[in-house]
> 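Here it is: the structure, laid out below.
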Amino acid sequence: MKLKRTHDCGQLTRANVGEEVILNGWVDSCRNHGGLIFLDLRDRYGITQCQIDPATTVGGEEFKTESVVAVRGTVQPRPEGNVNRKRATGEIELMALECELLGPTKTIPFEIVDDSDTREDLRLKYRYLDMRRAPLTRAMVFRSEVTRIIREVFHAERFVEVETPLLMKTTPEGARDYIVPSRLQPGKVYALPQSPQLFKQTLMVCGLDRYFQICKCLRDEDLRADRQPEFTQLDMEMSFVEPDDVFAVIEKTVTRLWKELLGKDLPATFPRLSYREVMDRYGIDKPDTRFGLELQDVSAIAASCGFQVFSGAVAAGGSVRAIVVPGGAELGRKKIDALEAVAKTYGAKGLAWVKINADGFQGPVGKFLTEDELRAMMAKAGANTGDLMLFVADRNPVVYASLAQVRLALGRELDLIDKSRTDVLWVTEFPLFEYDEEAGAWFAMHHMFTMPSTPLPDRPGAAMADIHGKLYDLVINGNEMGSGSVRIHLPEVQRKVFELVGMGQEEADMKFGWFLRALEYGAPPHGGIALGLDRLVMVMLGYDNIRDVIAFPKNASGVCPLTESPSEPLGDTLDVLGLQLNPDFFKKVETEG
RNA sequence: GGCCCGGUGGCGCAAUUGGUUAGCGCAUCAGACUGUCGAUCUGAGGGUUGAGGGUUCGAGCCCCUUCCGGGUCGCCA
């Protein structure tokens with residue numbers, strides 16, 4: 001290139017008038033008026049208008065949108081009345097003396113505008129074009145700032161940044177592993193990390209005291225709008241700590257991120273709510289507390305009512321809970337049906353409702369309950385005339401899950417969520433174990449390395465439901481942003497937990513023997529947390545899709561439309577590993593099954 | 001794997017109850033134009049409506065199968 005830039009496209013102002021400069025960038029738009037051409041040159045930093053006189057400008061012509069061009073010219077003030085107030089460089093323009101086409105372009109497949117509505121797989125196929133859009137460029141720069149600040153805080157707090165292996169031992173608990181076959185050890189495989197959990201705990205046994213890492217984690221599960229097969233975590237671990245010590249570091253980090261990057265003040269410490277409390281009030285362990293409509297337990301009244309659906313649910317050990325929608329008596333049947341559909345998605349058999357009109361009760365529940373029972377429920381739930389009450393009666397997990405989602409749907413539908421608010425909170429005191437009715441077994445709710453708060457029972461059983469762990473989640477605006485715990489540092493406790501979730505001694509030694517051995521040699525009490533970095537950036541920017549904060553994401557089918565991965569293995573890749581792929585395997589299983 | 005939504009020129013959309021030659025905006029190409037700023041004006045080209053099958057005198061529209069994309073449930077310790 002002959003014309004190498006002296007400035008970027010966002011920095012020239014009145015102060016530069018008279019200077020001869022060179023700009024390099026992309027053609028944002030090129031407006032040809034015949035006798036003169038206006039060329040908007042764009043780079044990451046901004047857009048500067050260049051004026052080309054086709055008669056005198058060397059190499060001056062109309063350039064194709066998105067081609068890469070260099071312009072040498074003189075900075076001049078724009079004539080009176082032609083200032084563009086929308087741009088930082090709007091007071092000046094570059095009178096082009098010479099132009100050079102640095103990178104020609106084919107006609108682009110879609111327009112590059114901020115509010116793109118091009119379908120996403122096409123945007124991903126041409127990611128380099130899509131990324132030139134301001135919202136995506138901004139996300140990348142913003143994300144870089146987030147990690148910069150995180151590193152500043154953690155280094156200032158004397159954390160050591162350590163890289164842990166990508167090729168590690170497979171431990172198929174939890175999510176499905178991505179597997180990497182070993183060439184040097186035929187017949188064996190590595191796994192890609194679902195998280196560096198055991199390595200970071202081992203680093204505590206190493207005596208590093210405070211560790212952090214911004215690392216990739218990989219889980220072979222189905223994708224969602226907020227879930228990618230590979231994602232990034234801010235992972236940290238500290239020795240000789242209680243949960244409060246972990247909270248303090250994260251609170252410092254998060255408040256500083258919000259302050260520096262969004263100019264918003266968050267409280268110095270975040271509210272702590274117990275798992276019991278958030279489930280009771282919101283039915284979900286990641287509550288969006290930016291609006292009300294909390295769940296109301298009317299089981300006591302429902303237990304003795306004549307409505308079998310209600311009384312039966314309570315008798316079976318479940319509950320009847322309600323959401324009161326203030327002014328909800330105005331809601332039409334269509335909207336209530338839509339809410340019922342939400343409830344059913346989450347396992348509810350139905351969504352009972354009653355409108356409290358001035359002239360009486362209206363709705364299916366009204367027919368089955370006496371007026372006294374309805375009035376008692378109104379009082380218990382805090383409902384008034386003009387309100388709508390929505391009920392779910394079922395087993396507790398179903399009641400919680402369905403009403404929690406009905407509540408969120410109402411929040412969106414009735415526009416109750418104050419988007420200007422940032423509600424950050426800790427959810428604490430999670431149960432350590434959960435019972436999986438399908439599998440008929442107990443398993444660890446978070447993971448198997450969390451220190452119990454109370455003594456463990458001798459053998460698996462119902463008593464496990466009452467065991468709580470030093471477990472905590474960070475929740476921001478209803479998003480699970482991070483999860484952590486104080487860990488087990490005593491090998492006999494760790495062995496006991498393995499045993500309680502049905503892992504025999506032999507199996508435990510095969511999978512985690514190396515780690516149990518590490519705990520036997522002076523392991524410090526320790527704890528930590530991992531934050532989802534992609535989600536954090538997504539929430540900070542107010543985006544609703546995780547792909548928009550990741551440079552080269554996969555689509556919902558796990559395919560990268562840009563590179564077309566995954567792809568058929570090439571050459572002797574498989575032979576070297578002694579492998580054979582059998583894509584028809586799944587079809588066969590289907591037809592034979 | 002289940003459910004919901006979608007697939008129509010390069011991109012975004014439209015097309016009464018099934019009914020002429022499938023329209024519109026942007027983009028593209030050609031021409032005009034010395035103050036635009038996502039320029040404007042004039043004109044032109046560009047489509048086997050994702051694929052396959054069926055119903056019908058007639059299918060973009062209805063039915064079946066299938067592929068692709070988005071969302072979601074399951075799943076994600």
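Letters A, B, ... mirror the listed sequences (proteins, then strands); counts begin at 1.
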> In terms of side-chain heavy atoms of A:N555, which of B:rG69, B:rU72, B:rG74 is nearest?
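Among B:rG69, B:rU72, B:rG74, the one nearest the side chain of A:N555 is B:rG69.
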> Regarding A:Q505 and A:E499, do their side chains bring together a donor and an acceptor under 3.5 Å, going by distance alone?
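No, A:E499 and A:Q505 have no side-chain donor paired with an acceptor closer than 3.5 Å.
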> Just checking A:K344: base, sugar-phosphate only, or nothing, at a heavy-atom cut-off of under 4.0 Å?
nothing
> Angle class for the A:F449/A:H447 ring planes (parallel below 30°, perpendicular above 60°, tilted otherwise)?
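Plane angle between 30° and 60°, so tilted.
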> Base, sugar-phosphate, or nothing for A:I37, non-hydrogen atoms under 4.0 angstrom?
nothing
> Contact class for A:F443 (heavy atom, under 4.0 Å): base, sugar-phosphate, or nothing?
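Sugar-phosphate only.
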> Considering every strand and a 4.0 Å limit on heavy-atom distances, what is the contact class for A:P79: base, sugar-phosphate, or nothing?
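Here A:P79 touches the bases of the nucleic acid.
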> Which value, in whole Å, describes the distance between the C1' atoms of nucleotides B:rC24 and B:rC63?
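Looking at atom C1' only, B:rC24 and B:rC63 are 31 Å apart.
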> I'd like to know if the side chain of A:Q213 pairs up with that of A:T164 as donor and acceptor (distance under 3.5 Å, no hydrogens or angles considered).
yes
> State the pairing partner of B:rA44; accept Watson-Crick or G-U wobble contacts with both distances under 3.5 Å, and report none otherwise.
B:rU28
> Under a 4.0 Å N-O cut-off, is there an ion pair linking A:K349 with A:D394?
yes
> Roughly how many Å is it from CZ in A:R133 to C1' in B:rC11, rounded to a whole number?
13 Å
> Picking from A:E80, A:R85, A:R87, what satisfies side-chain contact (heavy atoms from CB on, under 4.5 Å) with A:V83?
A:R85
> Roughly how far apart, to the nearest Å, are B:rC64 and B:rU28 at atom C1'?
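After rounding to an integer number of Å, I get 39 Å for this pair.
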> Roughly how far apart, to the nearest Å, are B:rU48 and B:rC4 at atom C1'?
30 Å
> For the pair made of CD in A:E221 and C1' in B:rU72, what is the distance, rounded to whole Å?
16 Å
> Start at the 5' end of RNA chain B and walk down; is the nucleotide closest to A:R227 or to A:S557 reached first?
A:S557
> Heavy-atom count around A:E568 CD within 6.0 Å, excluding the residue itself: above 12?
no
> I'd like the P distance from B:rA27 over to B:rC68, given in whole Å.
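Rounded to whole Å, the distance is 34 Å.
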> Closest approach to the side chain of A:T345, judged atom by atom: which nucleotide of B:rG70, B:rC75, B:rU72 is it?
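Given the options B:rG70, B:rC75, B:rU72, the side chain of A:T345 is closest to B:rU72.
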> With both distances under 3.5 angstrom, what nucleotide forms a Watson-Crick or G-U wobble pair with B:rG6?
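Pair assignment: B:rG6 / B:rC68.
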> Taking the C1' atom in each of B:rA14 and B:rA51, what is the distance between them to the nearest angstrom?
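Roughly 23 Å separates the two C1' atoms.
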> Using atom P of each nucleotide, how far apart are B:rA30 and B:rU49 to the nearest Å?
30 Å
> Select one nucleotide: of B:rC29, B:rG71, B:rC73, the one nearest the side-chain heavy atoms of A:R547.
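So the side chain of A:R547 is nearest to B:rG71.
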> Ignoring hydrogens and angles, are the base of B:rG35 and the side chain of A:E93 linked by a donor-acceptor pair under 3.5 Å?
yes
> Classify the nucleic acid contact of A:R119 as base, sugar-phosphate or nothing, counting any heavy atom under 4.0 Å across all strands shown.
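Sugar-phosphate contact only.
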> Would you call A:F110 stacked on B:rC11, i.e. ring centres under 5.5 Å apart with the planes less than 30° off parallel?
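The ring of A:F110 is not stacked on B:rC11.
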> For B:rC11 and B:rC37, measure between their P atoms and round to the nearest Å.
28 Å
> Just the table, please: protein N/O against nucleotides 37-41 of chain B N/O, every pair under 3.5 Å.
| unit_1 | atom_1 | unit_2 | atom_2 | d |
| --- | --- | --- | --- | --- |
| B:rC37 | O4' | A:R31 | NE | 3.2 |
| B:rC37 | O2' | A:R87 | NH2 | 3.4 |
| B:rC37 | O2 | A:Q49 | OE1 | 3.4 |
| B:rC37 | O2 | A:R78 | NH1 | 3.3 |
| B:rC37 | O2 | A:N84 | ND2 | 3.0 |
| B:rC37 | N3 | A:R78 | NH1 | 2.8 |
| B:rC37 | N4 | A:N82 | O | 2.8 |
| B:rG38 | N2 | A:E111 | OE1 | 3.2 |
| B:rA39 | OP2 | A:S29 | OG | 2.5 |
| B:rA39 | OP2 | A:R31 | NH1 | 2.9 |
| B:rA39 | N6 | A:N32 | O | 2.7 |

> Could you list the residues that satisfy ring pair (Phe, Tyr, Trp, His ring centres under 6.0 Å) with A:Y472, not counting sequence neighbours?
A:F247
> Measure from CD1 on A:I108 to P on B:rC29 and round the result to the nearest Å.
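These atoms are roughly 11 Å apart.
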> Can you tell me which nucleotide in B:rC11, B:rG35, B:rC73 comes closest to the side chain of A:T118?
B:rC11
> Is a donor-acceptor pair below 3.5 Å formed from side chain A:R224 to base B:rG74, judging by atom type as modelled?
yes
> Output yes when at least one side-chain N/O atom of A:K64 is less than 4.0 Å from OP1 or OP2 of B:rC29, else no.
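So the side-chain polar atoms of A:K64 do come within 4.0 Å of the phosphate oxygens OP1 or OP2 of B:rC29, strictly under.
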> Which residue in the set A:D8, A:L12, A:V69, A:V75 passes side-chain contact (heavy atoms from CB on, under 4.5 Å) when paired with A:L23?
A:L12
> Using the P atom as the reference point in each nucleotide, state the distance between B:rG43 and B:rC26 in Å, no decimals.
13 Å
> Under 3.5 Å, is there a donor-acceptor pair linking the side chains of A:Q51 and A:R78?
no
> Once you apply a heavy-atom cut-off of 4.0 Å, does A:Y346 come out as touching a base, just sugar-phosphate, or nothing?
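If one applies the 4.0 Å heavy-atom cut-off, A:Y346 turns out to touch the sugar-phosphate alone, with no base involved.
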